[in-house]
Amino acid sequence: MDFNLNLAAKDILGSQIETTQTQNGALPSVIVIGAGISGLAAARILHEASFKVILLESRDRLGGRIHTDYSFGYPVDMGASWLHGVCNENPLAPLIRGLGLTLYRTSGDDSVLYDHDLESYTLFDKDGCQVPQQMVVEVGDTFKNILKETEKVRDEHPDDLSVLQAIGIVLDRHPELRQDGLAHEVLQWFICRMEACSKVDAFSVNIDYFSEIQEQVLSGGHGLMVQGYDPIIKALAKDIDIRLNHRVAKISNGPNKVMVTVEDGTSFIADAAIVTVPLGVLKANLIQFEPKLPEWKVDAISDLGVGNENKIALQFDNVFWPDVELLGIVAPSSYACGYFLNLHKATGHPVLVYMAAGRFAYDLEKESDESAAKFVMLQLKKMFPNATEPVQYLVSRWGTDPNSLGCYSYDVVGKPEDVYDRLRAPLGNIFFGGEAVSMDHQGSVHGAYSAGVMAADNCHRHLLQRLGRLDKLHMVPSRGEIHEAAFPLQISRM
Ligand SMILES: Cc1cc2nc3c(=O)[nH]c(=O)nc-3n(C[C@H](O)[C@H](O)[C@H](O)COP(=O)(O)OP(=O)(O)OC[C@H]3O[C@@H](n4cnc5c(N)ncnc54)[C@H](O)[C@@H]3O)c2cc1C
């Protein structure tokens with residue numbers, strides 16, 4: 001074994017070692033860490049290129065921040081639920097088509113707030129009175145104008161600005177865009193929804209980042225995965241050697257081998273490793289790297305932020321709410337606003353999903369499931385005093401779950417230009433995947449998928465070159481038969 005034993009001596013003593021190393025002439029071996037969509041995509045590509053692949057996952061389930069829960073008797077996504085960009089250019093489109101999955105489109109290309117059109121909202125004030133729809137549309141148009149003006153502010157300020165600072169400057173310059181009374185509360189609700197797009201409060205997210213999210217989004221609008229994201233996870237995982245309940249504690253990078261050690265001391269050795277754990281896990285130093293990560297990599301990890309969002313899904317035995325896509329409660333501050341996604345509209349199941357982002361999402365995690373559900377029911381009863389009690393509920397905790405430690409990455413104010421390049425740069429035989437290293441679509445499922453594909457392609461090329469197997473280099477890893485069916489995307493609302 002040509003592994004650097006000096007680096008690994010402590011791990012080897014008394015621990016069980018599993019080698020996935022290359023025998024003479026055999027194809028290379030890779031350990032993928034994390035069975036979210038990024039790790040699964042990477043593992044699938046290398047598996048289909050006949051590499052020996054082991055995927056180590058800390059949880060007792062697949063999917064990571066994709067978590068389709070079936071305890072209501074049908075799929076409910078407690079993590080990602082939208083496909084952002086319902087178009088053939090979306091890297092997930094071939095998979096979705098091939099699996100025959102249906103999308104429920106919640107917005108078109110030019111929606112003011114990312115994944116929902118203005119007409120799909122029904123808003124209520126704190127006394128349960130419905131906000132006139134005309135006011136919702138008018139304030140929505142004002143909000144669009146404010147956002148347009150923030151672009152000018154952004155261009156004038158070479159230094160970083162937060163979204164809230166930029167909005168403040170616009171309102172100072174254009175007092176006519178300020179809103180009073182109920183209209184002010186509706187404006188706060190739009191800001192609350194904007195915070196939900198980046199999962200972080202408007203005072204800490206970089207204005208460039210929010211504009212980029214809007215600019216870089218693929219065409220075709222946003223579509224809910226009606227059957228949940230789980231079928232994609234299952235399809236990618238098929239026939240892969242996956243070890244659940246394997247929490248990686250240490251990664252030792254030798255000149256020709258990588259040794260990965262899990263919590264119970266078991267070690268795995270391979271020619272290379274692909275790390276796809278969430279940025280929050282890297283930030284918390286839950287994995288020890290040997291040798292230590294270089295300073296430029298550590299800085300990249302700390303220079304990006306991680307936002308939070310939580311969902312509380314409520315299952316009822318009857319539908320007592322109107323047939324609209326989104327029900328919102330307006331308030332004097334964005335923190336106190338709230339909204340429910342009406343899953344009944346998209347799936348026919350009597351489920352409302354309350355969504356909380358930013359600081360509020362963290363605050364909700366301090367509560368027990370029961371009191372979080374009670375709080376949400378109080379909100380619902382403001383809108384519908386006759387609301388019945390839920391039959392069941394589910395509460396997510398993405399911010400404190402040690403397997404995620406947040407929802408997804410975002411640009412903080414003052415972020416250095418090359419932070420993403422440094423984050424995705426490989427270190428010898430260690431490659432990095434995961435949503436945060438995506439080229440253009442951080443924080444999304446399709447971005448995480450592409451980042452996994454990119455890491456696998458880079459690892460594939462690197463190993464074949466290093467191991468002198470250039471004869472195999474022309475073998476572009478296959479994307480598999482599930483990718484190849486050419487049916488149209490099925491969209492249930494156009
Ligand atoms: C509430 C919420 C809503 C979202 N909504 C959307 C949406 O509608 N549309 C969209 O496109 N995106 C959405 N996202 C973002 C999307 O879910 C993520 O960008 C994507 O799923 C990330 O995939 P990943 O593979 O990079 O990371 P993950 O899915 O987090 O996978 C990383 C894996 O690593 C594992 N892991 C962690 N630590 C270790 C360790 N020490 N050892 C081994 N394994 C470890 C984790 O358990 C996890 O399975 C949402 C996210 C959240 C949380």
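These numbers were taken from a predicted model, which means no experiment stands behind them. Heads up: numbering here begins at 1 and tracks the sequence. Whatever order the structure lists ligands and atoms in, that order sets their numbers, starting from 1.
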Handout entry: Electrostatic pair D363:R359 at N-O distance under 4.0 angstrom
Key = no
Exercise for the section: Please report the C-alpha distance between I301 and L423 in whole Å, then the side-chain angles of each, then the deciding distance to 0.1 Å, and finally whether the side-chain contact (heavy atoms from CB on, under 4.5 Å) criterion is met. Expected result: CA-CA 7 Å; I301 291 168; L423 198 64; 3.7 Å; yes
Problem - Region of L286 that comes within reach of ligand 1 [heavy atoms, distance under 4.0 Å] - result: neither
Completion exercise
The atoms of ligand 1 lying under 4.0 Å from a heavy atom of V445, numbered in the order shown, are 10 (C), 11 (O), 12 (N), 16 (C)
Exercise for the section: Decide yes or no for L92 and Y229: does some side-chain heavy atom of the first lie under 4.5 Å from some side-chain heavy atom of the second? Expected result: yes
Problem - Under-4.0 Å heavy-atom contact with ligand 1, by part of H84 that carries it - result: side chain
Practice task
Establish, yes or no, whether a centroid distance under 6.0 Å links the rings of F143 and Y121.
Solution key: no
Exercise for the section: Kindly confirm or rule out an N or O of E57 lying under 3.5 angstrom from an N or O of ligand 1. Expected result: yes
Problem - Heteroatom proximity flag, S58 to ligand 1, N/O under 3.5 Å - result: yes
Practice task
Consider every N or O of S81 and every N or O of ligand 1, then say whether any pair is closer than 3.5 Å.
Solution key: yes
For residues 347-355, which side-chain donor-acceptor pairs fall under 3.5 Å, sequence neighbours excluded?
unit_1: T347; atom_1: OG1; unit_2: L343; atom_2: O; d: 2.8
unit_1: T347; atom_1: OG1; unit_2: H349; atom_2: N; d: 3.2

Practice task
Report, in ascending order of atom number, the atoms of ligand 1 lying under 4.0 Å from any heavy atom of G64.
Solution key: 29 (O), 48 (C), 49 (O)
Exercise for the section: Pull out every atom of ligand 1 sitting under 4.0 Å from any heavy atom of L56, numbered as shown with elements. Expected result: 43 (C), 44 (N)
Handout entry: Aromatic centroids of F340 and W321 separated by under 6.0 Å
Key = no
Exercise for the section: Using a strict 4.0 Å threshold on nitrogen-to-oxygen distance, state whether D369 and R397 make a salt bridge. Expected result: yes
Exercise for the section: Check each atom of ligand 1 against the heavy atoms of P278 and keep those under 4.0 Å away; list them by number with element. Expected result: 30 (O), 32 (C), 34 (O), 37 (C)
Exercise for the section: Tell me, please: is G63 in heavy-atom contact with ligand 1, that is, under 4.0 Å? Expected result: yes
Completion exercise
Of A80, G280, G85, the residue with the heavy atom nearest atom 4 (C) of ligand 1 is A80
Problem - Atoms of ligand 1, numbered as shown, that sit under 4.0 Å from any heavy atom of R59 - result: 46 (C), 47 (O), 48 (C), 49 (O)
Fill in the blank from the handout: Logged contact type for I287 with ligand 1, heavy-atom cut-off 4.0 Å, is side chain
Practice task
Looking only at distances, please establish whether an N/O atom of ligand 1 is found under 3.5 Å from an N/O atom of G434.
Solution key: no
Practice task
Would you sort out whether E325 and T106 count as a side chain to side chain donor-acceptor pair (under 3.5 Å), showing the intermediate values?
Solution key: CA-CA 8 Å; E325 281 163 18; T106 54; 5.3 Å; no
Fill in the blank from the handout: Any heavy atom of Y408 under 4.0 Å from ligand 1? The part involved is side chain
Practice task
Under 4.0 Å from a heavy atom of R247: give me the atoms of ligand 1 that qualify, with their elements.
Solution key: 41 (N), 42 (N)
Problem - 4.0 Å heavy-atom contact, Q442 with ligand 1 - result: no
Exercise for the section: Please list all pairs passing the salt bridge (Lys or Arg N to Asp or Glu O under 4.0 Å) test where one or both residues lie in residues 293-307, with sequence neighbours left out. Expected result: D303-R422
Problem - Polar atom proximity, V248 to ligand 1 (N or O, under 3.5 Å) - result: yes
Exercise for the section: Using the side chain to side chain donor-acceptor pair (under 3.5 Å) rule, take S409 and E435 through it: C-alpha gap first, then chi angles, then the decisive distance, then the call. Expected result: CA-CA 8 Å; S409 57; E435 58 79 18; 2.8 Å; yes
Exercise for the section: Check ligand 1 against W82 and write out every atom of the ligand that is under 4.0 Å from a heavy-atom position of the residue. Expected result: 7 (C), 8 (O), 9 (N), 10 (C), 11 (O)
Problem - Polar contact flag for E309 and ligand 1 (N/O pairs, less than 3.5 Å) - result: no
Practice task
Classify the angle between the aromatic ring planes of H84 and W82 as parallel (below 30°), tilted (30 to 60°) or perpendicular (above 60°).
Solution key: parallel
Handout entry: Backbone or side-chain N or O of S444 under 3.5 Å from ligand 1 N or O
Key = yes
Practice task
Number the atoms of ligand 1 from 1 as they appear, then name those within less than 4.0 Å of a heavy atom of G36, with their elements.
Solution key: 25 (O), 29 (O), 31 (O), 33 (C), 49 (O)
Problem - Residue pair H344, D323: steps toward the side chain to side chain donor-acceptor pair (under 3.5 Å) verdict - result: CA-CA 8 Å; H344 186 251; D323 188 30; 4.9 Å; no
Completion exercise
All heavy atoms of N403 vs all of P278, minimum pair found to be O-CG, 3.3 Å
